[in-house]
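Note that the coordinates shown come from a computational prediction; the quantities given were computed from them, not determined experimentally. FYI, side chains are in, hydrogens and waters are out, and symmetry mates aren't considered; it's all heavy atoms of this structure.
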Amino acid sequence: MTGLTVVLLLVVLATAVATGARRWSLPAPSLLVVAGLVVGLMPWVPEVSLPPHTINVLVLPPLLFASAGEISVRDLRTVWRPVTGLVFGLVLASAVAVGYVARAITPLTAATAFILGSVLASTDPVAVTALGRRLSLPPRVQAMVQAESLFNDATSLVLYKVAVATAVSGSAVSLSGTVEQFLILAGGGVLIGAAVAAVVTLIRRRTEDPMLDTVIALVTPYASYVIAEQSHASGVTAVIVSGVVLGSTGHKLSNAPIRLQVHAVYDTVAFLLESVVFALIGLELPSAVRHLAHDERGWPLWVPVIAFTVLAIRLLWVFPLSALMQHRHGEGDRRLSWRVPAVMSWAGTRGVMPLAATLSIPLTTDAGNPLPHRALILTLTTGTVVLTLVFQGFTLASVVRRSGIALEPEHTAREEARTRRHIAHAALEELKQLGDLDQLAELGAAAEAALKQARRHLEARIHQVEDADYSDPDARPADVYREIRRTLIAIEAAELQRLYQANKISNATRRRIQHELDLEEASLRDRG
């Protein structure tokens with residue numbers, strides 16, 4: 001069996017497992033890792049070697065872009081202080097702690113132990129987003145978890161590059177050089193990501209071709225990544241920035257049918273790539289173990305210790321930070337809550353990013369000698385990723401339930417119902433003004449019948465909070481009705497955006513109801 005055949009079979013297996021995970025309400029990343037691990041342990045499965053650029057260039061950009069597009073800029077502004085403490089302080093503390101422990105219990109040198117610490121220092125946005133979709137976390141907690149996982153990659157990438165340069169060249173670490181490298185990587189990534197988003201915005205506002213818009217959406221993350229990397233900036237940061245910017249303005253860039261098509265295609269691509277990449281993580285572990293030297297066979301004992309270190313340092317950082325934030329917000333006289341920091345700590349899984357970074361470690365030093373313990377770094381990284389995805393992934397829902405911070409389904413349903421009624425009232429007020437227009441009055445009975453039908457539709461939504469019944473489209477003046485309904489949908493969409501900007505509804509509610517309005521508008525276009 002060739003490696004290509006294994007990959008193709010893995011695609012089929014990963015898709016089936018991910019579909020089953022959704023059906024059985026199980027965490028798909030965790031289940032996929034287990035499936036890949038089982039396949040990798042089978043004796044007839046050949047070794048699958050992943051070229052570093054396969055994940056870095058082909059897989060990561062669209063997945064990061066999709067994750068960044070789901071985060072709310074409004075929510076980001078409310079959580080930037082705690083996120084900053086996690087992005088800088090916790091990443092550095094994790095890298096140092098993991099490096100120190102690895103140096104003490106494994107054969108790794110100080111330089112190679114620091115490489116291991118740097119690649120495991122940051123949480124993974126792809127894994128965190130995939131696991132978070134199943135949980136009804138409050139908007140602020142969801143924003144903190146996602147924002148941390150998205151923006152801590154620049155910090156960890158700088159540490160990784162410094163660690164690799166030290167191990168390969170044997171040179172000493174320079175603080176000024178490290179700060180300069182961070183500014184180039186992170187700052188350059190931000191500027192390039194924003195520039196790409198601006199160009200894409202100009203292009204998408206001037207096209208109404210669904211196929212072209214879909215292609216642009218698929219190409220955008222790759223363009224951000226490649227341009228940034230070629231400019232010696234952080235491609236990951238560029239993709240994330242472009243994703244956040246375009247995700248917050250996507251509803252303004254195209255009409256409803258185009259948005260629906262772009263979302264459908266992108267959701268399909270993201271689902272397929274996520275399924276395969278998490279299965280590959282499990283598949284990579286048995287392959288990495290086969291390359292270990294004799295003095296590196298203690299990895300089954302070392303992986304749990306390193307995974308525990310990652311979790312412990314996170315707990316020791318998040319709980320005091322949470323207490324400090326509560327004190328700053330005037331809650332110092334209350335009993336400190338363990339609920340949010342517990343969920344934040346348990347949600348810090350590792351995933352695709354550490355694996356991609358480890359695969360990029362050079363094979364040799366500047367002197368031409370093999371880089372010591374490279375296989376062990378890959379094994380420890382993959383093993384830690386697998387352990388956190390399986391252990392924390394399968395238990396995260398239980399931790400969220402025990403914490404009591406998850407939003408009840410009734411809460412989400414009530415918020416959506418209130419929002420639908422509110423925007424329907426806004427459209428009904430507009431409808432009353434439309435009835436007085438001379439242009440509609442000239443159309444006579446057709447306009448009057450269409451206005452009555454639109455009014456009945458809105459009143460049904462207000463009283464029943466459900467879609468109108470279109471079972472008898474021939475009984476109304478269809479063309480006039482469609483034009484009126486399109487106008488009202490635009491009013492509802494504008495009111496929906498106003499409620500979101502006023503911080504009266506969550507980003508999840510806005511996205512769901514906007515999707516419903518898009519579906520209705522697209523159905524009106526199809527009937528036209």
Side-chain angles (χ1 to χ4, degrees), residues 55-57 60-61 63-65 67-69 71 73 75-77 79-96 114-115 117-126 128-129 143-166 173-199 220-248 317 321 348 350-354 356-358 360:
I55 292 182
N56 286 340
V57 179
L60 273 183
L63 292 182
L64 291 172
F65 189 79
S67 298
I71 197 166
V73 175
D75 293 339
L76 272 178
R77 287 195 289 264
V79 300
W80 70 269
R81 283 190 177 89
V83 167
T84 301
L86 297 172
V87 165
F88 293 102
L90 180 55
V91 169
L92 182 59
S94 298
V96 172
F114 188 43
I115 293 178
S118 65
V119 298
L120 290 175
S122 63
T123 55
D124 187 78
V126 179
V128 167
T129 302
M144 281 195 292
V145 171
Q146 284 189 285
E148 180 209 356
S149 65
L150 285 169
F151 293 105
N152 61 15
D153 293 304
T155 309
S156 126
L157 186 61
V158 170
L159 295 178
Y160 165 76
K161 291 197 171 186
V162 170
V164 169
T166 303
V173 177
S174 168
L175 180 60
S176 60
T178 302
V179 173
E180 180 184 357
Q181 194 170 19
F182 175 79
L183 293 176
I184 293 173
L185 285 169
V190 170
L191 292 176
I192 292 172
V196 170
V199 172
T220 299
Y222 292 110
S224 302
Y225 186 87
V226 172
I227 293 173
E229 288 294 320
Q230 291 299 314
S231 304
H232 303 290
S234 170
V236 169
T237 304
V239 172
I240 290 170
V241 170
S242 63
V244 170
V245 173
L246 292 172
S248 63
W317 190 276
L321 179 64
R350 272 58 181 172
V352 185
M353 291 294 298
T358 309
S360 302

Query raised in the report: Does the side-chain contact (heavy atoms from CB on, under 4.5 Å) test come out yes or no for Trp317 and Ser94, once each step is laid out?
Result: CA-CA 9 Å; Trp317 190 276; Ser94 298; over 6 Å; no
Query raised in the report: Of the non-hydrogen atoms in Ser118 and Tyr160, which two are nearest, and what is the gap between them?
Result: OG-CA, 3.3 Å
Report task. Provide the closest heavy-atom pair for Val83 versus Ala147 in the form atom of the first, atom of the second, distance. Result -> CG2-CB, 3.9 Å
Query raised in the report: For Ile71 and Ala143, which heavy atoms make the closest approach, and how far apart are they?
Result: CD1-O, 4.0 Å
Requested in this report: Working to the nearest 0.5 Å, report the span between CD1 of Ile115 and CG of Leu159.
Outcome: 12.0 Å
Query raised in the report: Measuring from Phe88:CZ to Phe151:CZ, what's the distance to the nearest 0.5 Å?
Result: 11.0 Å
Query raised in the report: If you measure only the distance, is there a donor-acceptor pair under 3.5 Å linking the side chains of Ser242 and Ser224?
Result: yes
**Report entry** Leu90 CG to Glu148 CD distance, which is reported to the nearest 0.5 Å
**Finding:** 6.0 Å
Requested in this report: For residues Leu60 and Tyr225, determine if any side-chain heavy atom of one lies less than 4.5 Å from a side-chain heavy atom of the other.
Outcome: no
**Report entry** Note, His232 side chain near Leu185 side chain (heavy atom, < 4.5 Å)
**Finding:** no
Query raised in the report: Do Ser156 and Val119 come close enough that some side-chain heavy atom pair is under 4.5 Å?
Result: no
Report task. Find the distance between OG1 (Thr237) and CG (Leu191) and round it off to the nearest 0.5 Å. Result -> 11.0 Å
Query - Closest contact, heavy atoms only, Val91 versus Val87 - result: CG2-O, 3.2 Å
Query - Val244 and Phe65, any side-chain heavy atoms less than 4.5 Å apart - result: no
Requested in this report: Quick one: closest heavy-atom pair of Ser149 and Thr123, and the distance?
Outcome: CA-OG1, 3.2 Å
Report summary line: Here the gap from Leu86 atom CG to Met144 atom CE, rounded to the nearest 0.5 Å, amounts to 8.0 Å
Requested in this report: Keeping the roles fixed (side chain from Glu229, backbone from Gly235), state whether a donor-acceptor pair exists under 3.5 Å.
Outcome: yes
Query raised in the report: Of all heavy-atom pairs between Ile184 and Ala233, which one has the smallest distance, and what is that distance?
Result: O-CB, 3.8 Å
Query raised in the report: Pro221 versus Leu64: any side-chain heavy-atom pair under 4.5 Å?
Result: no
Query raised in the report: How long is the span from the CE atom in Met353 to the OG1 atom in Thr358, to the nearest 0.5 Å?
Result: 10.5 Å
